[in-house]
Amino acid sequence: MDGLQISLPDKPALEGLEAKWMARWDAEGTYRFDRDHARAEVFSIDTPPPTVSGSLHVGHVFSFTHTDVIARFQRMRGKVVFYPMGWDDNGLPTERRVQNYYGVRCDPSLPYDPSFQPPEKPGKHPISISRPNFIELCARLTVEDEQAFEALWRHLGLSVDWSRTYATIGKKAQKVSQTAFLRLLERGIAYQLEAPTLWDVDFRSAVAQAELEDREQDAAYHRIKFARTNGPAVEIETTRPELIPACVALVAHPDDERYQPLFGSEVYSPLFQVPVPVKAHALADPEKGSGIAMICTFGDLTDVTWWRELSLPVRAIVMPNGAFRAVTWDSPGWESRDAAHAQAAYDHLANLSAVKARVRIVELLRDSGDLVGEPRPIKHLVKFYEKGDRPLEIITSRQWFIKTMEFRGALLERGKQLRWHPEYMRHRYENWVNGLAGDWCISRQRFFGVPFPVWYPVHADGSTDHAHPIVPDESRLPIDPSTDVPDGYTHAQRNQPNGFVGDPDVMDTWATSSLTPQIAGDWLDDPDLFARVFPMDLRPQAHDIIRTWLFSTVLRSHLEHDSLPWANAAISGWVLDPDRKKMSKSKGNVVTPMALLEEHGSDGVRYWATSARPGTDTAFEPGQMKVGRRLAIKLLNAAKFALMQAEPRGPIIEPLDRGMLTSLSSLVKDATEKLESYDYAWVLTQTESFFWSFCDDYLELVKSRRYGDFTPQGAASANSAMLVALSTLLRLFAPYLPFVTEEVWSWWREGSVHRAPWPTPEEVVAEIGGADVNADPVFVVTKDALRAVRRVKALHKRAIKTPATAVLEKVRFEKMQPAMRDFQAAAHIRSLSFGDVQELELTFLDDSPA
RNA sequence: GGGCGCGUGGCUCAGCGGUAGAGCAUUCGCUUCACACGCGAGGGGUCGGUGGUUCGAUUCCACCCGCGCCCACCA
């Protein structure tokens, strides 16, 4: 640090630091990834791509800051940090937004129109456009969002390499997604099946188990009679009487003596008079309702199990849009012993939604006398698609699946190999894997997503041959089967007999997001890069998407690379509002992040975010941001003090200085270990605590000496010690408060603090020729004595500068002997002796009595 | 029903087998030459409850109560 060039502002301030340093970091490529390094030298991060068709909220700022602290720490430790940023623009939220914004609807049967331009304002009637046109509009709209997001992230100070961004709907992501899919298809791990599937009737799409949520709904138990030819009617209870026409059997527990005589016999459904068998199955619960249940195709997932295991027929009545379809009674599969009555009753239900059909059928059942008593209202949990408005139905359709059930053991093993921060989050993953109910349905009947890269031959009779999909060569990917043509066919053959048809579906958004390491690492187009970053070091994410994003990424990496996708998963919590509820847009309690950054400063907001323990849900607290802002201001001022008179400098010989630095070196040691294990909050707290004591105790104690009141050697020791401490503290704070630390660093050091090496305990003690265990107590005891003087003076309402004489307890007196002059000057003690006193006694030398 | 987390001063949270901590808020005092966006000091808690282990428990164990989240085949 010889020949320091120091340039101090007159009045340091935080205002404007974000703009100044954002621009500088960008211009100088401070955070650029340098790819010329081997895997061992790289620290790679699989960043969560935020959904761009919403807006960023405080929760994003919170968790992304945690990741940034780790990225900055690793960079300073000497790692080459691979820190890309993705945008999740793929999927339903964008689709909905584009429909409303431009007034368009996607019609995948239409051909691409290269000259299409959307109207200035959305018209009354939506314009139908092709899937490629629709996707172009999605891309156009999301670009604007992405720019706004990037601006916010830069303002927050994320040390992302902005030349490495990706979008989940981008060409690269589509290529990765389609290639990985085709490889799974070839290995038989991806397959399609016509089967009962969870279905959202508003989105008219299949959904996956991972996208379900339970919501409490009002419902009612209806006790319903099923007639028998010889004997009293059987009474069942159901919350969904409208599904009686879809009933295919009754079921009771095999050990249930009440119903054992009925097993194997037939009963007749009310109104429709359909003969259905009475079956036995262990899943039937004798305690529930009347102990005997009706099986419908399909009321819930248990029905699916029963239907499959008891080999029952299908009588499906709910159409993909949720309405009851028309049924001709006495046609095959719809046999009734009174078809005329069945038809008359059912005609009341056709084309109704489930809710309306329920009301109607209860009237019919009451009239026919098949309803026993009145419905008993209950509240119960019903499965919903997490983005949906109506309960899910189960509808039979052709869908694509990725096998997961047979890999459950391997996936549990992967979960054990992964290092979780905090450790207990592992349970959520294991819980989820253990609870998997079926393979992963990845197809969605939507448009803005990655298409399945397959076509099907069309037979001469016009029927589609789903069993023999036509796949493109990987070199053609990405493709859109709705516009691209399979090799060996012509455009004219689309949808024609002896021609082909494109798969109409798109992949679930997680089917693409589960490949973010491959997308960000440029798996296919830049295998050299991929080898330098994969498997990645860190996946940061929130705990609510362990079952989706984390799980599916582990699965895909296991299948494709036979490895974990990353070594560590750092799980962050949520931001809660003061009522302990998750902050979310729908609850209307979200503060816009940019306003927060402007009000409290990015460093202030980051301080709040990084004060939270990893994984912990945290209260939104502007008070903490103010504290962080004050800390940043204090840094400016303390640094100004240390630098305003940095001469003379020389060997650090004073025990007080050596003690302070010895203590700092042990902070550095602990901080490094804690950050290695992702405990960033602890490091911030401890560094902050050291820093305040450094300001309030150490700087006050050495003030007089450094101003030259004693010897030049003493001043030199203090000045040098202050600069070592400042340099060290700035680097410890740099990951947390990147703007203020960079500002202060720039006053007296070359280059960016964010490229400076992380401090080491060895480096600190080298400045004093090795750790000085004798000096440490000098610092501690002297600072305690200073505090004791302050306490006594405050107790007697004296200003700190009131002169006094002091008597100190003997041991203390001896221990702080080497720092006595500093102490007397700081505490304004004229003369000092030791004696038989508790701690210390003062005699004030002003007029008033002590 | 199963799992996980949490319950510490008015608030937000640390901590931890050995006589309770921080910040905010509050009260009192200080125009101290880095900082009034400042400085110093004080008051304030039987660490959810009950048992157990221990010389000693807020800290370990068991059970219970409360809050939150995740999961479950919720007729």
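Naming convention: chains lettered A, B, ... in sequence-line order (proteins, then strands); numbering from 1 in each chain.
Both A:Glu621 and A:Lys288 sit near RNA chain B, but only A:Glu621 has its closest nucleotide nearer the 5' end. Toward the 5' end of RNA chain B, the nearer of the two residues A:Leu436 and A:Thr616, judged by each one's closest nucleotide, is A:Thr616.
Distance noted for atom P between B:rG10 and B:rG49: 14 Å (whole Å). Atom P of B:rG17 sits at a distance of 42 Å from the matching atom of B:rA36, rounded to the whole Å. With C1' as the reference atom, B:rG48 and B:rC67 are 11 Å apart, rounded to whole Å. Here the separation of B:rG40 from B:rA34, taken at their P atoms, is 15 Å to the nearest Å. Nucleotides B:rU12 and B:rC71, compared at atom C1', are 30 Å apart to the nearest Å. B:rG29 sits 37 Å from B:rG15 when the P atoms are compared, rounded to a whole Å. Nucleotides B:rA72 and B:rG66 are separated by 25 Å at their P atoms, to the nearest Å.
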Given the rule in the salt bridge (Lys or Arg N to Asp or Glu O under 4.0 Å) test, do A:Lys225 and A:Glu235 qualify, once you have shown the distances and angles that lead to the verdict?
CA-CA 5 Å; A:Lys225 286 187 204 166; A:Glu235 294 180 3; 5.6 Å; no

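In terms of phosphate contacts, A:Arg547 brings a side-chain nitrogen or oxygen within less than 4.0 Å of OP1 or OP2 of B:rC71. The side chain of A:Gln209 places no N or O atom within less than 4.0 Å of a non-bridging phosphate oxygen (OP1 or OP2) of B:rC73. OP1 or OP2 of B:rC73 lies within a sub-4.0 Å distance of a side-chain N or O belonging to A:Lys383.
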Which dot-bracket notation, 5' to 3', represents the base pairing of RNA chain B when pairs are defined as Watson-Crick or G-U with both distances under 3.5 Å, crossing pairs as [ ], and inter-strand pairs as |?
(((((((..((((....[..)))).(((((.......))))).....(((((..]....))))))))))))....

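For A:Arg358, the salt bridge (charged side-chain N to carboxylate O under 4.0 Å, His left out) partners two or more places apart in sequence, or in a different chain, are A:Glu242. Not counting sequence neighbours, the partners of A:Arg629 by the salt bridge (charged side-chain N to carboxylate O under 4.0 Å, His left out) test are A:Glu15. Listed by chain and residue number, A:Lys416 satisfy the salt bridge (charged side-chain N to carboxylate O under 4.0 Å, His left out) test with A:Glu430 (two or more places apart in sequence, or in another chain).
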Where do N or O atoms of nucleotides 1-3 of chain B meet protein N or O atoms at under 3.5 Å, pair by pair?
from  : atom 1 : to       : atom 2 : distance (Å)
B:rG2 : N2     : A:Asn431 : ND2    : 3.1

Report, as a single string ordered 5' to 3', how protein heavy atoms within less than 4.0 Å touch nucleotides 28-41 of chain B: B base, S sugar-phosphate only, - not at all.
S---B-BBSBSSSS

